[in-house]
Amino acid sequence: MNNGGAEAAVAPVGGPQPLEWKFSQVFGERTAGEEIQEVDIISAIEFNRTGDHLATGDRGGRVVLFERTDSRDHVGHRRDLEKMDYPINRHPMFRYKTEFQSHEPEFDYLKSLEIEEKINKIRWCQSANGALSLLSANDKTIKFWKVQEKKVKKVCNMNVDSTKAMGNGPIVGSSISTSSRQYIANGGCTNNDFSFPTGGFPSLHLPVVTSHEMNLMARCRRIYGHAHYYHINSISNNSDGETFISADDLRINLWNLEISSQSFNIVDVKPANMEDLTEVITSAEFHPIHCNMLAYSSSKGLIRLIDMRQSALCDRHTKLFEEQEAPGSRSFFTDIIASISDIKFAKDGRHMLSRDYLTLKLWDINMNSGPVKTFQVHEYLRPKLCDLYENDSIFDKFECCLSGDGLRVATGSYSNLFRVFGCSEGSKEATTLEASKTPMRRQGLTSTRPLRSLGSPSVVVRRGKGADNAALDANGNTFDFSTKLLHLAWHPTENSLACAASNSLYMYYA
Amino acid sequence: MAMVDEPLYPIAVLIDELKNEDIQLRLNSIRRLSTIARALGEERTRKELIPFLSENNDDDDEVLLAMADELGVFIPYVGGVEHANVLLPTLETLCTVEETCVRDKAVESLCRIGAQMREQDLVEYFIPLVKRLAAGEWFTARVSSCGLFHIAYPSAPDALKTELRAIYSQLCQDDMPMVRRSSATNLGKFAATVEAPHLKVDIMSMFDDLTQDDQDSVRLLAVEGCAALGKLLEPQDCVAHILPVIVSFSQDKSWRVRYMVANQLYELCEAVGPEPTRSDLVPVYVRLLRDNEAEVRIAAAGKVTKFCRILNPELAIQHILPCVKELSTDSSQHVRSALASVIMGMAPVLGKDATIEQLLPIFLSLLKDEFPDVRLNIISKLDQVNQVIGIDLLSQSLLPAIVELAEDRHWRVRLAIIEYIPLLASQLGVGFFDDKLGALCMQWLKDKVYSIRDAAANNVKRLAEEFGPDWAMQHIVPQVLDLINNPHYLHRMTILHSISLLAPVMGSDITCSKLLPVVINASKDRVPNIKFNVAKVLQSLIPIVDQSVVEKTIRPCLVELSEDPDVDVRFFATQALESSNQVMMS
């Protein structure tokens with residue numbers, strides 16, 4: 001059925017062949033009727049630069065790391081790994097590596113405000129010495145985590161018998177208070193007549209440390225806090241390896257990775273009078289190659305490219321990317337659906353991808369008059385905007401991603417569907433997939449036609465609370481607004497996608 | 001498990017705690033590594049302790065940092081310089097960890113050890129280490145290696161020197177910007193050890209690579225290299241190679257690079273000599289003073305005096321002064337503030353006539369600036385202009401500025417001006433001070449903010465020191481003592497504090513006759529806080545006054561306070577009594 005559907009849907013007119021997506025694996029799959037825990041819902045996904053690791057963050061403030069298992073024997077020279085180009089033929093397989101609690105719920109007493117632990121963004125940093133490092137952000141605070149293998153140590157052959165020492169009580173108990181006493185004792189013995197013989201004391205010896213197994217340890221190295229008045233929506237590393245930005249609704253701050261005590265505000269769109277506020281920052285990202293360039297998107301559907309070389313305060317943009325709206329098409333919803341929920345640079349640095357409510361747009365940074373390509377993600381929802389507005393779905397923030405080669409783009413939709421489009425010249429590739437073990441079964445449906453209800457209860461994605469939100473239109477089509485696929489990521493070097501369907505992480509390859 | 005002799009027990013514990021679970025105890029042990037080494041003896045330190053440290057290097061960063069630090073001074077404990085090489089492997093590993101501060105400390109310690117090592121050991125052990133790090137798999141090792149070349153290079157035989165230069169050149173073109181930044185940072189140090197012919201060819205080509213780097217962060221470090229390299233090159237080479245780079249950097253697209261040029265330019269002037277400075281660098285500097293980016297103008301404005309000192313007065317008046325005039329009305333308050341903090345220093349450079357004619361109007365306009373920092377910065381450097389033209393020309397504008405700052409609604413501004421009052425007093429003289437500023441000083445004692453009252457009390461003391469007890473008796477003491485009747489107890493406390501500060505300056509007689517009665521009187525206050533502060537003040541007065549006064553006046557008062565119903569009053573009164581007993585005994 002899958003193959004048949006794929007061939008029927010896409011006619012290869014030119015450009016590369018459409019990809020045939022296959023299920024690879026799933027983590028945290030729900031069993032039928034299982035209640036989803038709010039804290040388990042995935043809120044961020046990110047591959048690292050080599051694609052050997054994948055991190056997810058959830059609403060419970062946890063970060064889960066996965067590592068690639070199929071390329072273990074391929075690990076070559078580390079210097080090559082840093083440059084992250086090596087070919088592997090098999091499709092990526094991942095396994096659970098470790099997890100840690102990145103953020104905890106907090107309460108801001110000054111503003112009487114609860115701060116959720118939900119992870120908004122994860123960004124990997126340059127790793128060194130086999131340690132993994134990443135930044136994770138909730139609404140207010142960014143943390144720098146290092147995950148490293150540590151030897152599990154067993155110390156024996158001590159100078160002082162620990163069992164006896166315990167018996168002696170206060171003299172040797174390993175508390176800090178007694179250590180200060182020892183400190184004085186040592187100070188005394190070096191100052192007094194106590195002399196060290198040239199050969200040392202033969203009775204003293206070093207403890208013996210044995211270690212058998214390695215254990216993964218996550219340590220929070222730095223906390224970058226107290227810099228955001230509004231909620232953080234993006235963090236992004238600079239290509240120079242020493243700085244990163246964090247963006248909230250009105251401001252973008254620049255940080256040095258090594259310094260958590262201060263940051264520089266480089267963009268501030270807050271008007272003197274908040275009543276004059278017409279747009280907010282929705283997403284921001286550094287250029288992948290040019291360390292001085294960054295782009296940020298706004299709720300008005302604009303993308304601004306700024307050059308940090310020009311000025312310390314980048315309130316004036318270098319380039320503005322905006323699509324001219326078709327005359328006469330304005331409605332109440334025009335501004336709302338124009339809001340950009342995510343922007344991403346292609347790896348080559350030439351193209352940018354933006355996602356608004358109904359479309360995915362590909363921009364060439366040398367052309368700011370309009371997008372090079374526009375993909376309709378779920379155009380069939382256009383007549384339903386009124387309903388979507390009423391149940392707030394219209395404000396859902398879908399992420400988008402590009403393949404490593406820049407030939408394809410992907411983004412999510414409702415009913416746990418996601419779409420992959422070909423963006424090379426002449427490509428008609430437009431695949432609809434479902435985040436389930438049989439991703440291609442929706443293949444027969446194209447974006448412009450409404451979804452057909454497939455009848456069978458095992459097929460329609462309607463579980464748990466989802467049933468309440470599923471709406472039937474006049475033609476009997478279903479839209480399940482509760483099962484939305486907001487977060488997904490494309491493997492940096494291969495055609496492999498990771499996407500989050502509520503608390504489950506589905507992986508596909510082609 | 002062996003038992004140790006009693007005297008060795010503390011050291012035994014110290015050794016055991018090298019591997020304690022508690023990081024504080026491990027840190028403590030590592031900090032006392034030298035004690036452990038002495039207890040083990042040199043040979044066992046080499047054969048056991050150092051390998052032990054090497055094996056256990058996956059500790060927390062704080063412990064590794066302490067270890068890197070200790071090992072830098074460890075040569076005596078391993079048996080002197082002939083055994084210094086045993087320390088290298090441990091530090092080499094520390095050079096590769098990901099935490100920057102640990103790596104930096106390890107490099108620092110390696111340099112310290114390398115500087116003491118014998119030449120043959122350097123060739124045998126140190127240079128291979130540098131080469132290994134430079135070829136390191138992870139960028140961390142390569143970053144560290146850059147900081148070691150200047151130690152390794154001088155001892156290397158010629159063939160090896162060529163190799164080291166080639167390796168450094170590779171590092172300057174590394175894929176990772178972190179490595180290139182490190183090579184740019186350390187280029188000056190390395191260049192200083194390289195022979196002149198190679199300097200002109202090899203080092204300059206590395207420098208050229210770095211100056212053309214895509215990354216702003218690398219280029220701006222190369223700016224620092226300009227000054228360092230400039231000092232090494234012959235003046236004519238410097239003009240030929242460095243000057244064009246500076247000129248092009250000063251027009252770099254990135255404001256951060258221009259900012260660095262603005263900060264470093266006066267050093268570069270020294271390197272290129274007076275003639276090229278006049279012809280090339282003055283225009284560069286003028287351009288930076290007029291840069292579009294406020295940050296660059298701030299940096300340039302802050303260096304205006306240093307730059308003028310290098311030039312002759314005519315050039316400064318002709319080229320720099322017009323820019324200074326523009327900057328004094330710059331749209332950015334931070335630029336004006338930076339200018340205000342250095343502009344007074346231009347007076348001695350320009351001389352009396354030019355100062356009165358050209359600078360004075362600028363001083364005056366900055367004194368009236370709307371931004372308090374600007375005014376403060378002018379006032380803080382008054383002494384510099386006083387030497388050239390005297391204060392009279394300024395004093396008329398000065399007073400309104402001071403009064404306005406004294407009443408500024410931001411307490412930090414008020415605090416800043418209070419701190420300059422003694423300086424102003426010394427510059428303006430007694431006469432001026434009496435008329436205008438005396439009242440202000442008293443007003444601050446009644447400020448709403450504690451920090452201001454505290455500073456005001458100190459100010460009163462410093463004024464008494466400046467003008468002497470006689471003047472203070474007339475102009476300060478009566479006014480201060482008047483305030484002891486203030487209805488607010490916090491203000492009465494300020495006065496008690498002022499008295500304790502004034503007493504040592506005023507001397508025994510005045511203290512006994514004027515200050516002490518007021519304090520004794522205050523011991524009857526209805527607020528306990530005042531009473532225990534009286535006890536504290538009395539304690540501070542004991543060493544100043546005569547023993548008889550202590551017996552007759554202070555002790556009875558303290559005895560009375562020590563029976564107060566309030567526990568704090570009793571505590572401080574008893575404390576004061578005890579200290580008076582001690583004074584009596586001695």
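As a basis for the values below, the full set of heavy atoms in this structure was taken, side chains included, without hydrogen atoms, waters or symmetry mates. Just so it is clear, the model here is predicted, and its values are computed rather than measured.
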> Report which part of Gln215(B) has an atom under 4.5 Å of a heavy atom belonging to chain A: side chain, backbone, both, or neither.
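Its backbone and side chain both get close to chain A.
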
> Where on Ile15(B) is there a heavy atom nearer than 4.5 Å to chain A: the side chain, the backbone, both, or neither?
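Contact with chain A is through both the backbone and side chain of Ile15(B).
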
> Out of Lys150(A), Met308(A), His290(A), Glu242(A), return the one with the most heavy atom pairs under 4.5 angstrom to chain B.
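Answer, by heavy-atom pair count under 4.5 Å with chain B: Glu242(A).
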
> Sort Asp291(B) into side chain, backbone, both or neither according to what part of it lies under 4.5 angstrom from a heavy atom of chain A.
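Answer is neither: Asp291(B) stays 4.5 Å or more from chain A.
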
> Apply the test side chain to side chain contact (heavy atoms under 4.5 Å, CB included) to residues Asn237(A) and Cys125(A): give CA-CA distance (whole Å), side-chain angles for both, the deciding distance (0.1 Å), then the verdict.
CA-CA 7 Å; Asn237(A) 297 88; Cys125(A) 299; 3.6 Å; yes

> Between Asp307(A) and Lys253(B), is the closest basic N to carboxylate O distance under 4.0 Å?
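Salt bridge flag = no for Asp307(A) with Lys253(B).
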
> Checking heavy atoms, do the side chain of Glu55(B), its backbone, both or neither come under 4.5 Å from chain A?
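Only the backbone of Glu55(B) comes within 4.5 Å of chain A.
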
> Looking only at heavy atoms and a cut-off of under 4.5 Å, which of Arg44(B), Glu48(B), Glu43(B) has the most pairs with chain A?
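Heavy-atom pair counts peak at Arg44(B).
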
> Would you mind checking which part of Arg180(B) comes under 4.5 Å of any heavy atom in chain A, side chain (CB onward), backbone (N, CA, C, O), both or neither?
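For Arg180(B), there is no contact with chain A at all, as no heavy atom is under 4.5 Å.
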
> With a 4.5 Å cut-off on heavy-atom pairs, point out which of Gly41(B), Pro177(B), Ala37(B), Ala39(B) contacts chain A the most.
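Heavy-atom pair counts peak at Ala39(B).
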
> Heavy-atom pairs under 4.5 Å with chain A - which of Leu49(B), Val257(B), Asp61(B) has more of them than the others?
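If we count pairs closer than 4.5 Å to chain A, Asp61(B) comes out on top.
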
> Quick check on the interface: out of Pro207(A), Ser239(A), Pro202(A), who has the most heavy-atom pairs with chain B under 4.5 Å?
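When all of Pro207(A), Ser239(A), Pro202(A) are compared, Pro207(A) has the most.
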
> Pair Ser133(A), Glu98(B) - check side chain to side chain contact (heavy atoms under 4.5 Å, CB included), show working.
CA-CA 10 Å; Ser133(A) 46; Glu98(B) 54 268 55; over 6 Å; no

> Of the non-hydrogen atoms in Leu210(B) and Cys172(B), which two are nearest, and what is the gap between them?
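Taking Leu210(B) first and Cys172(B) second, the nearest heavy atoms are CD2-O, 3.8 Å.
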
> Using the salt bridge (Lys or Arg N to Asp or Glu O under 4.0 Å) criterion, which residues pair with Glu82(B)? Sequence neighbours excluded.
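Partners of Glu82(B) under the salt bridge (Lys or Arg N to Asp or Glu O under 4.0 Å) test: none.
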
> If I compare all heavy atoms of Phe286(A) with all of Ser236(A), which pair ends up nearest, and what's the gap?
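Closest heavy-atom pair between Phe286(A) and Ser236(A): N-OG, 2.9 Å.
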
> Where on Asp252(B) is there a heavy atom nearer than 4.5 Å to chain A: the side chain, the backbone, both, or neither?
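Neither part.
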
> Check whether Asp216(B) gets within reach of chain A through its side chain, its backbone, both or neither, counting any heavy atom under 4.5 Å.
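Its backbone and side chain both get close to chain A.
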
> Check Glu293(B) with Arg258(B), please: is the shortest side-chain N to carboxylate O separation under 4.0 Å?
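No salt bridge links Arg258(B) with Glu293(B).
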
> Carefully, step by step, assess Phe139(B) and Asp175(B) under the rule side chain to side chain contact (heavy atoms under 4.5 Å, CB included).
CA-CA 9 Å; Phe139(B) 72 87; Asp175(B) 294 328; over 6 Å; no

